[in-house]
Structures are given as structure tokens and as C-alpha cells.
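Heads up: the structure comes next, in C-alpha cells.
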Amino acid sequence: MIETADVVIIGSGIVGSSVAYHLAEQGCTNVLVIEREAHQGKGSTGKSMGGVRAQFSTPVNIQMSRYSIEFFSRFDEVVGHPADYRAHGYLFCATSERHLDYLKANRERQLALGVHNVELVTRQDIAKFVPQLRVDDILGGTFCPTDGFVDPHSVMMGFMTHARERGVRLWLDTQVTGIEVEPALTGTAGVSPAHGPRTTTSRITGVMTTRGRVSTPIVVNAAGPWAAGVARLAGTELPVEPLRRQLVPTEPFAGLPQRFPMVIDMSTGFHFRREGKGILLAWNDPDETPGFKTDFDPGFVEKILTRAADRVPSLAEAEVNPRRAWAGLYEMTPDHHAIIGPAPDVSGLYFVNGFSGHGVMHSPASGRITADLILQGNSKLIDAAQLSVDRFAAGRLLEETAVL
Ligand SMILES: Cc1cc2nc3c(=O)[nH]c(=O)nc-3n(C[C@H](O)[C@H](O)[C@H](O)COP(=O)(O)OP(=O)(O)OC[C@H]3O[C@@H](n4cnc5c(N)ncnc54)[C@H](O)[C@@H]3O)c2cc1C
């Protein structure tokens with residue numbers, strides 16, 4: 001029997017699962033999700049810190065966060081599965097006038113786009129949130145109480161379980177090894193195909209997998225850090241690069257409050273939050289270079305503890321077991337924004353890639369936008385053309401500077 005699907009999604013991480021959920025919600029259920037691992041969540045989703053925030057600098061990221069955070073706040077009721085959304089807030093701390101001005105300008109943009117609860121906070125306010133913080137050089141900051149954390153694995157499972165209950169199929173332990181295309185003649189945009197010059201592109205006819213061929217007119221690339229390789233299977237290029245990120249949990253640590261926001265020290269980029277009885281420490285090493293490196297570097301512990309103890313002196317006493325630390329991959333694009341939408345040269349191929357550190361928090365919006373584009377050709381949520389891969393060739397980059 002020949003397998004067929006209206007849509008094939010490659011990758012069952014949080015993004016592919018959200019696309020499946022949103023397609024099913026819009027009545028498109030003849031969908032097959034293909035995952036090469038035996039379990040979901042083995043890619044970036046299972047490595048994430050789970051942070052969600054509306055405090056971004058560009059309108060499109062703020063809009064995607066606004067939709068997504070509102071979605072997370074209703075997730076358990078709507079999806080029927082826990083997201084474990086904890087609205088503990090994000091607290092950005094500035095130690096220079098330049099950073100403070102940047103936070104103030106971002107806040108104006110966030111307010112204008114309907115995120116009304118971002119507050120400017122003083123050094124004294126910050127000390128009240130986390131009395132153990134060294135605040136002598138802090139000039140002020142911003143705090144948004146509806147920023148916080150989710151459980152990425154639970155969100156992913158919730159999206160997929162709900163989609164499967166509506167008829168979506170999931171093949172685990174199956175790798176997509178090829179994408180079949182056939183030539184298709186199309187007119188150059190804006191020119192009548194009958195009279196204007198023609199460009200030759202291709203269109204999707206199916207995928208080859210380790211379980212056989214599947215016939216489909218639509219393929220969604222939700223392959224996370226492996227997205228560029230999947231795009232190449234269809235003969236097209238995607239500017240997405242893997243970049244290692246490392247997280248260090250402490251052993252149980254009572255020297256900080258039981259509940260406090262994600263704290264971001266803008267002087268170094270060091271940030272931390274509570275994770276159970278311990279503290280989860282994060283810092284993006286500027287010396288990291290692109291590549292598929294997922295081994296944890298034990299030398300990173302000293303680097304991060306130096307930054308941690310500088311901001312929270314009591315963290316110098318925290319115990320760390322390097323074997324409990326881990327590394328995963330961000331999927332970086334040149335302008336640190338996602339790429340969402342149709343491939344310009346392969347009809348039927350859709351990208352939902354390159355989240356540059358924000359794929360968990362933006363998963364509700366990205367699934368919804370992708371489903372809208374496949375089924376309606378546009379999305380009411382945002383002007384999706386901004387996120388199209390065309391922007392790189394056209395020089396319309398969207399630089400996001402609030403990358404953690
Ligand atoms: C250390 C770390 C911390 C992070 N912290 C945050 C955070 O606080 N907040 C936030 O929003 N984001 C965070 N991120 C980023 C976030 O985790 C990712 O953006 C997100 O998980 C991407 O989801 P995805 O579904 O696109 O990719 P993935 O979860 O990687 O899923 C892609 C899937 O595709 C499958 N696949 C690939 N190729 C094929 C193939 N040929 N055939 C079949 N299957 C295939 C893979 O096996 C994988 O399961 C963090 C990432 C890391 C590494």
C-alpha cells in the first residue's frame with residue numbers, strides 16, 4: 001500500500017508538534033509527523049531552559065511572544081495537558097546607561113504592542129526581588145511578571161497527544177532520507193506566466209524514509225538544528241547553523257529564595273533561575289563556534305561560576321556536579337529571528353526553523369503561523385512575509401539584540 005499524507009512534518013520536537021496541533025485544530029488531520037529518534041524530545045527541545053518572555057526588542061518577536069504566553073496561560077485547559085507555565089517573571093538588570101536606555105526603548109515598543117505589564121524597576125526594587133544579589137553597580141532594570149517558564153517536554157507532548165487524538169500520525173524511529181521533487185514551471189512574481197519570463201522551480205511529490213516512500217504535496221521542515229541538511233534534501237539552501245549552549249544546575253541550594261524571577265545580568269549575559277531545590281545557571285560563551293557539538297565541556301563550570309559568584313556572592317558556595325550539566329544546540333540564523341514560510345524555489349516546502357534560542361517560547365505562535373500559511377496562504381497573527389527566507393537575499397534583516 002502506498003502511504004500518502006496531505007502534509008508531512010519532518011521532526012517531532014516542540015515546533016513540529018505545535019504545527020501538527022494547529023493543523024489538526026484547523027481541520028487538517030491527514031498529517032504524518034516523522035521523527036528519526038525512538039522518542040520525542042531528543043533534539044533541542046529536551047535541552048531547553050524553558051524560559052518564556054515578552055521582553056524582546058523587535059515587534060515581530062514581541063507579537064509572537066504575546067500570542068504564545070497568552071496561549072501558555074490557557075494551555076492546560078485548551079490542550080488538555082499541563083504546560084507547567086510558571087509566571088515568575090524575567091528581571092533584566094542594567095549596569096550601564098546604554099543598557100538602561102535599551103531596556104526603556106524596548107519597553108516602549110512592548111507597551112505599544114499591547115504588553116502592558118513591563119515595569120521599570122530601581123536598584124532597590126531589584127534588591128527586594130533577590131536580596132542576595134550584588135546591586136552596587138546596578139542602575140535599574142525592567143520586570144515583566146507574566147514572563148517565566150514552561151516545561152518544554154510537557155508542552156511538546158501536549159501538542160502531539162492532542163493532534164494524535166484528532167487523527168495525526170506519528171512515526172518514531174524513522175528518518176527522512178530524501179525529499180522528492182519534480183520540475184514545475186512558474187511565472188516570475190508579478191509577471192503573467194503567459195507573457196513574462198519564466199523561472200523554473202520544483203514542487204514536492206513525496207519523501208523517502210527508512211520505512212519507505214510517502215506521497216505528499218506538502219513538507220514542513222521542523223528539523224531544529226538539522227534544518228539546513230533537510231532543506232538540502234529538497235535541493236534548497238537554508239541559513240540555519242547549530243551553536244552549542246551549555247547549562248549548569250547546582251546541587252540543592254538554600255542561599256537564594258524559593259521563588260524568584262529569571263535574573264539577567266546584562267553586564268555579562270549571565271542568567272539564572274530556580275530549578276527545584278537547585279539553581280539553573282546559564283551563560284552564552286561568546287567564544288563558542290558553530291557546529292554539531294553536544295558534549296558538555298567541564299571547563300565551562302569554572303567560567304560560569306566566576307560570573308555567578310560575581311553577581312551573587314553566595315553562589316561561590318554552591319556545589320556543582322559537572323556530570324549533571326548538559327549541552328544542546330541553538331538553531332541560529334544570521335539575524336537571530338526565525339524563518340517561517342514557504343521555500344521560494346520549491347513549491348510545497350515550508351520552513352519553521354532557526355529560532356535562535358526562542359523555539360520553546362515561540363512554539364505556539366510558530367505552529368499557528370505555519371498552519372495558517374499552509375491552509376490559507378496568510379496569517380492574521382503577524383505579517384509572515386517578514387520571516388520569510390527571502391529576507392536574506394533581499395537584505396531585509398530583522399536584527400534581534402535581546403538574545404540570551
Ligand atoms: C541549552 C538550551 C537552552 C535553551 N533555552 C531556551 C529557552 O529558555 N527558551 C526557549 O524558548 N528556547 C530555548 N532553547 C531553544 C529551544 O530549545 C529550541 O529553539 C527548540 O527546542 C527548537 O525546537 P524544534 O522542534 O524546532 O527542534 P528539535 O527539538 O531539535 O526537534 C527537531 C527534531 O527533528 C528530528 N529530525 C531531524 N532531522 C530529521 C530527519 N531527517 N528525519 C526525521 N527526523 C529528523 C530530530 O531528531 C529532532 O527530534 C534552548 C536551547 C538550548 C540548547
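Just follow the structure's listing: the first ligand is 1, and inside any ligand the first atom is 1. Bear in mind the structure is a predicted one, so any value in this text is a computation, not a measurement.
Between Ile14 and ligand 1, an N or O atom pair is found at a separation short of 3.5 Å. For ligand 1, one of its N or O atoms has an N or O atom of Val15 under 3.5 Å away. Close N/O approach between Gly357 and ligand 1 is found [any backbone or side-chain N/O within under 3.5 Å]. The shortest N/O to N/O separation between Arg36 and ligand 1 falls below 3.5 Å. Note: no N/O pair closer than 3.5 Å links Ser12 and ligand 1 by distance alone. Looking at ligand 1, you won't find any N or O of Phe355 less than 3.5 Å from one of its N or O atoms. By the 3.5 Å distance cut-off applied to N or O atoms, Glu35 is counted among the residues near ligand 1. The shortest N/O to N/O separation between Leu329 and ligand 1 does not fall below 3.5 Å. For ligand 1, the polar-atom distance check finds no N/O of Ile10 at less than 3.5 Å from any of the ligand's N/O atoms.
The contact set between ligand 1 and Ile34, taken as ligand atoms under 4.0 Å from a residue heavy atom, comprises 43 (C), 44 (N). Listed by number with element, the atoms of ligand 1 under 4.0 angstrom from any heavy atom of Gly50 are 7 (C), 8 (O). Of all the atoms in ligand 1, the ones that sit under 4.0 Å from a non-hydrogen atom of Arg245 are 1 (C). For ligand 1, the atoms lying closer than 4.0 Å to a non-hydrogen atom of His358 are 10 (C), 11 (O), 12 (N). Every atom of ligand 1 with a heavy atom of Thr45 under 4.0 Å away is listed here by number and element: 21 (O), 23 (O), 25 (O), 28 (P), 29 (O). Near Leu247, meaning under 4.0 Å from any of its heavy atoms, are these atoms of ligand 1: 1 (C). Less than 4.0 angstrom separates some heavy atom of Gly51 from each of these atoms of ligand 1: 7 (C), 8 (O), 9 (N), 10 (C), 11 (O). Which parts of ligand 1 touch Gly11 is read off a 4.0 Å heavy-atom cut-off, strictly below it: atoms 33 (C), 34 (O), 35 (C).
Judged by the shortest distance from any of its heavy atoms, Glu331 lies inside the 4.0 Å radius around the atoms of ligand 1. A heavy-atom separation below 4.0 Å is found between Thr174 and ligand 1.
Relative to the six-membered ring of Phe149, Arg273 meets both conditions, a distance below 6.0 Å and an angle of at most 45° to the axis. Because its NZ or CZ atom is both nearer than 6.0 Å to the ring centre of Tyr330 and within 45° of the ring axis, Arg245 counts as a cation-pi partner of that residue.
Of the options Gly367, Gly224, Ala227, Ser48, the smallest heavy-atom separation from atom 6 (C) of ligand 1 is shown by Ser48. Nearest to atom 42 (N) of ligand 1 by heavy atom, out of Val176, Val155, Val360, is Val176.
Proximity of the aromatic rings of His362 and Phe56 is defined here by a centroid distance below 6.0 angstrom, and this criterion is met. Phe72 and Tyr67 have their aromatic ring centers separated by at least 6.0 angstrom.
Taking both residues in full, the closest heavy atoms of Ser12 and Leu170 are given as CB-CD1, 3.9 Å, listed atom of the first, atom of the second, then distance.
By the 30° and 60° cut-offs, the orientation of the rings of Tyr21 relative to Phe159 is tilted. In this pair, Phe71 and His22 present their aromatic rings tilted. The plane angle is within the 30 to 60° band.
Here Ala222 has backbone heavy atoms under 4.0 Å from ligand 1, and that is the only part of it that gets that close.
Ion pairing between Lys293 and Glu288 holds under the 4.0 Å rule for side-chain N and carboxylate O. A salt bridge links Arg244 and Asp295; the closest N-O separation between the charged side-chain nitrogens and carboxylate oxygens is under 4.0 Å. The pair Arg307-Asp265 does not count as a salt bridge, with every side-chain nitrogen at least 4.0 angstrom from each carboxylate oxygen. Using a 4.0 Å cut-off between a side-chain N of Lys or Arg and a carboxylate O of Asp or Glu, Arg86 and Asp84 qualify as a salt bridge.
Taking CG of Leu243 as the start and CG of Asn284 as the end, the distance is 8.0 Å to the nearest 0.5 Å.
Of the possible polar contacts, one joining the Arg109 side chain to the Ser57 backbone as a donor-acceptor pair under 3.5 Å is found. At distances below 3.5 Å, not a single donor-acceptor pair connects side-chain atoms of Ser363 with backbone N or O atoms of Ile14.
Given atom 28 (P) of ligand 1, the protein heavy atom at minimum distance is Ser44 N, 3.6 Å.
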